[in-house]
Visitor: 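Could you have a look at this structure, given as structure tokens, before my questions?
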Amino acid sequence: PSTLYWNELRTAVAGCQACDLHTTRTQTVFGVGDQNASLMIVGEAPGADEDRQGEPFVGRAGQLLTAMLEAIGLGREQVYIANVIKCRPPGNRDPHVEEAAACQPYLHRQIELLQPRLILSVGRVSAHNLLGTEESVGRLRGRTHRFEPGDIPLIVTYHPAYLLRRPQEKAK
């Protein structure tokens with residue numbers, strides 16, 4: 001997909017059968033937002049609500065993400081939101097390594113097309129895939145990393161779903 005533009009890339013993702021997740025999805029979850037945004041948010045994988053609606057971060061975690069964006073003066077429509085994985089893993093399990101690898105060219109092309117000034121990685125699966133590390137989110141947050149290719153500044157934070165389970169962590 002390294003030569004595809006937005007519409008062709010969306011079509012390629014919609015027809016993807018590179019891993020077994022295509023057999024259980026309702027639809028793919030490509031990404032949403034401003035294709036000229038300076039901030040790109042990368043989550044982990046679609047959940048049940050996202051699989052139904054075809055849009056990332058639409059459930060409770062998405063509502064919290066929207067509130068977090070509003071708290072810093074941004075509307076959802078001003079950023080671009082995507083996931084590492086474009087199809088819902090059954091039972092909301094973490095994506096397997098080979099599933100993330102199958103989706104990686106799509107995400108990398110989205111980043112290349114968008115050329116964001118900053119990538120916000122939310123959650124462990126996102127951080128591990130974008131940075132190629134096994135470090136915990138707690139260790140990765142609080143400093144600026146670089147996404148390659150492109151040398152794009154990347155910061156890591158907790159996934160909104162984690163914050164819903166552990167509200168005492170929100171202050172971090």
Side-chain angles (χ1 to χ4, degrees), residues 1-16 25-89 92 95 100 103-127 129-131 137 141 144-147 149-165 167 169-172:
S2 62
T3 61
L4 301 179
Y5 287 92
W6 288 110
N7 288 338
E8 299 133 331
L9 188 62
R10 180 183 293 275
T11 300
V13 167
C16 183
R25 72 181 179 221
T26 302
Q27 61 187 320
T28 55
V29 180
F30 180 73
V32 67
D34 182 351
Q35 293 175 349
N36 297 302
S38 56
L39 173 61
M40 180 178 196
I41 300 169
V42 180
E44 303 182 337
D49 293 324
E50 291 76 15
D51 182 58
R52 260 191 309 282
Q53 295 182 40
E55 188 174 315
F57 285 95
V58 293
R60 285 182 63 228
Q63 292 166 3
L64 180 55
L65 178 64
T66 299
M68 292 162 74
L69 287 170
E70 288 171 355
I72 59 168
L74 290 174
R76 255 179 94 98
E77 70 285 348
Q78 294 175 275
V79 303
Y80 192 84
I81 305 171
N83 284 313
V84 169
I85 303 289
K86 309 302 184 193
C87 298
R88 177 185 182 222
N92 289 348
C103 266
Q104 186 181 55
Y106 297 127
L107 177 62
H108 282 204
R109 182 60 178 156
Q110 286 176 303
I111 294 169
E112 186 180 10
L113 287 169
L114 191 64
Q115 296 186 328
R117 289 192 18 238
L118 177 67
I119 297 172
L120 175 63
S121 171
V122 294
R124 177 180 53 82
V125 171
S126 173
N129 279 281
L130 289 169
L131 295 173
V137 170
R141 59 183 291 283
T144 304
H145 306 272
R146 308 305 286 189
F147 173 78
D151 193 37
I152 301 167
L154 182 149
I155 56 174
V156 175
T157 192
Y158 296 113
H159 195 284
Y162 170 79
L163 298 174
L164 288 171
R165 290 191 305 273
E169 300 291 324
K170 279 186 189 176
K172 291 182 182 176

Visitor: When rounded to the nearest 0.5 angstrom, what distance separates CG in L164 from CZ in R60?
Guide: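 Spacing of CG (L164) from CZ (R60) equals 4.5 Å.
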Visitor: Check T66, V122, V29, V32 against F57 for a side chain to side chain contact (heavy atoms under 4.5 Å, CB included) and give me the one that passes.
Guide: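 Of the listed residues T66, V122, V29, V32, the side chain to side chain contact (heavy atoms under 4.5 Å, CB included) partner of F57 is V122.
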Visitor: So which heavy atom on P160 is nearest to which on L65, and how close?
Guide: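 P160 and L65 have their closest heavy atoms at CG-CB, 4.1 Å.
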Visitor: Kindly compute the distance separating CD1 (I111) from CD1 (I119), expressed to the nearest 0.5 Å.
Guide: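 Answer rounded to 0.5 Å: 4.0 Å.
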Visitor: Between Q78 and D34, is any pair of side-chain heavy atoms under 4.5 Å apart?
Guide: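 Heavy-atom side-chain distance check fails, nothing below 4.5 Å.
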Visitor: Show the nearest heavy-atom pair for residues G43 and S126, with the distance to one decimal.
Guide: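 Nearest heavy atoms, G43 then S126: O-CB, 3.6 Å.
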Visitor: Rounded to the nearest 0.5 Å, how far does CZ of R52 lie from CD of Q27?
Guide: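 Answer for the CD-CZ pair, Q27 versus R52, is 10.5 Å.
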Visitor: Do the non-hydrogen side-chain atoms of T157 and Y162 ever get within less than 4.5 Å of each other?
Guide: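 No; the side chains remain at least 4.5 Å from each other.
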Visitor: Got a sec, which residues hit salt bridge (charged side-chain N to carboxylate O under 4.0 Å, His left out) with E112, two or more places apart in sequence or on another chain?
Guide: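 Partners of E112 under the salt bridge (charged side-chain N to carboxylate O under 4.0 Å, His left out) test: R109.
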Visitor: Can you confirm whether R141 is buried at CZ, in the sense that more than 12 heavy atoms of other residues, nucleotides or ligands lie under 6.0 Å from that atom?
Guide: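 Yes, because the 6.0 Å sphere around CZ of R141 holds more than 12 heavy atoms from other groups.
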Visitor: Are the side chain of D51 and the backbone of R25 linked by a donor-acceptor contact shorter than 3.5 Å?
Guide: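 Side chain of D51 to backbone of R25, a donor-acceptor pair under 3.5 Å: no, none is there.
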Visitor: From R146 CZ over to L131 CG, what is the distance, rounded to the nearest 0.5 angstrom?
Guide: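 Between R146 CZ and L131 CG, I get 11.5 Å after rounding to 0.5 Å.
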Visitor: Mind checking the CZ-OG spacing from F147 to S121? Nearest 0.5 Å is all I need.
Guide: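 Reported value, rounded in 0.5 Å steps: 10.5 Å.
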Visitor: For the residue pair V156 and L130, establish whether any side-chain heavy-atom pair is separated by less than 4.5 Å.
Guide: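 A side-chain contact is absent here, since even the closest heavy-atom pair is not under 4.5 Å.
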Visitor: Rounded to the nearest 0.5 Å, what's the gap from CD1 on I41 to CG on L74? Could you check?
Guide: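 Going from the CD1 atom of I41 to the CG atom of L74 covers 8.0 Å.
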Visitor: Between A161 and A61, which heavy-atom pair has the shortest distance, and what is it?
Guide: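 Closest approach of A161 to A61: N-CB, 3.7 Å.
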Visitor: Which donor-acceptor pairs under 3.5 Å do the side chains of residues 80-88 make with protein atoms, sequence neighbours left out?
Guide:
from : atom 1 : to   : atom 2 : distance (Å)
Y80  : OH     : Q110 : NE2    : 3.3
N83  : OD1    : E44  : N      : 3.3
K86  : NZ     : N83  : O      : 2.8
K86  : NZ     : Q110 : OE1    : 2.5
R88  : NE     : N92  : OD1    : 2.9
R88  : NH2    : N92  : OD1    : 3.3

Visitor: Using the side chain to side chain contact (heavy atoms under 4.5 Å, CB included) rule, take V42 and L154 through it: C-alpha gap first, then chi angles, then the decisive distance, then the call.
Guide: CA-CA 10 Å; V42 180; L154 182 149; over 6 Å; no
Visitor: Going through the checks in order, is the side chain to side chain contact (heavy atoms under 4.5 Å, CB included) test met by L163 and M68?
Guide: CA-CA 11 Å; L163 298 174; M68 292 162 74; 4.1 Å; yes
Visitor: A quick test of your reading: do over 12 heavy atoms of other residues, nucleotides or ligands sit less than 6.0 Å from CG of N7?
Guide: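 Incorrect, the count does not exceed 12.
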